[in-house]
Amino acid sequence: DYSYKTGSYNDHENGVIAFNIPDEIADYVLERTAYTDGIIVNANGEITGYEGEQKTVVIPEYWVEKNEKDNTSTAIKITGIKASAFAGKDVEVIELSENITAIPDGAFRDCTSLVSVEGKGLTTIGKESFKGCTALKVCSLGENIKAIGTDAFCDMQSLTVKAANKHMVLSTLQSGAKEIKIIISES
């Protein structure tokens, strides 16, 4: 902070230089930090609950935690969901970031309004994760799925899974869905 009056840098004044962030960078950051109000995140980057009222829940790649004391922000990578975090909540659509690789036991149990779940990074779905989700019609699991827990989709009308091995076929058959379509992949 240079002062032309004193010829020194000790005037303790701050200057702000305005600049525009390129659209590509703004879009990149927004895609990774956009979220639904009401999501509760712990310091380890795990979703521990939901207290919002929105029907569509977007779980971002990163959570921005603001420190009111020093006006700084910290980005926390969202890496998981705690068991029963959304159980019984009135949500219709869940969009998971690719950082979420596992849905723990009972995470969405009894979400009777839940219609759609999208999770391209998922590898594991725990026991009874979607049990009681009677409206669930679409569950986009992606090709990385390796394990489905017992009764994970109990009460779901129809489930389609790409199975890479015998274990996945057996897991799918024990998922609890009423109608099951298995696509055998060659990997």
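All of these numbers come straight from a predicted model, not from anything done at the bench.
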Start with the C-alpha gap between Phe108 and Ile103, add the side-chain angles, then the distance that decides, and say whether side-chain contact (heavy atoms from CB on, under 4.5 Å) holds. CA-CA 9 Å; Phe108 296 95; Ile103 295 178; 4.0 Å; yes
Derivation of the side-chain contact (heavy atoms from CB on, under 4.5 Å) call for Val93 and Leu114: CA-CA 6 Å; Val93 177; Leu114 186 61; 5.8 Å; no
Mind running side-chain contact (heavy atoms from CB on, under 4.5 Å) on Val41 and Thr48 for me, showing each step along the way? CA-CA 6 Å; Val41 180; Thr48 59; over 6 Å; no
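If you take CD1 on Ile94 and SG on Cys111, they are separated by 6.5 Å, rounding to the nearest 0.5 Å.
You'll find the side chain of Val117 reaches within 4.5 Å of the side chain of Leu136, heavy atoms only. For the pair Thr36/Thr56, no side-chain contact is recorded, criterion being any heavy-atom separation below 4.5 Å from C-beta on. Using a 4.5 Å cut-off on side-chain heavy atoms (C-beta onward), Asn99 and Thr101 make no contact. The shortest distance between side-chain heavy atoms of Gln54 and Asp37 falls below 4.5 Å. For the pair Ile40 and Ile47, the minimum side-chain heavy-atom distance is 4.5 Å or more. For the pair Ser97/Pro60, no side-chain contact is recorded, criterion being any heavy-atom separation below 4.5 Å from C-beta on.
Within the structure, every pair that satisfies the salt bridge (Lys or Arg N to Asp or Glu O under 4.0 Å) test and touches residues 102-113, not counting sequence neighbours, is listed here: Arg109-Glu128.
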Under 3.5 Å, sequence neighbours excluded: what are the donor-acceptor pairs made by side chains of residues 147-155?
from: Asp155; atom 1: OD2; to: Gly132; atom 2: N; distance (Å): 3.1

Contacts table for residues 78-89: side-chain donor-acceptor under 3.5 angstrom, sequence neighbours left out:
from: Lys89; atom 1: NZ; to: Tyr50; atom 2: O; distance (Å): 3.2

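Scanning for side-chain hydrogen bond (donor to acceptor under 3.5 Å, both in side chains) contacts around Glu95 gives an empty result, with sequence neighbours left out. Take Lys55 and apply the side-chain hydrogen bond (donor to acceptor under 3.5 Å, both in side chains) test, not counting sequence neighbours, and it matches Asp90. Considering only residues two or more places apart in sequence or on other chains, Glu65 meets the side-chain hydrogen bond (donor to acceptor under 3.5 Å, both in side chains) condition with Trp63. Residues passing the salt bridge (Lys or Arg N to Asp or Glu O under 4.0 Å) test with Lys178: none are found, sequence neighbours excluded. By the side chain to side chain contact (heavy atoms under 4.5 Å, CB included) test, Glu98 pairs with Lys120, sequence neighbours left out.
Counting only distance, with no hydrogens or angles, the side chain of Asn42 and the backbone of Asn44 share a donor-acceptor pair below 3.5 Å.
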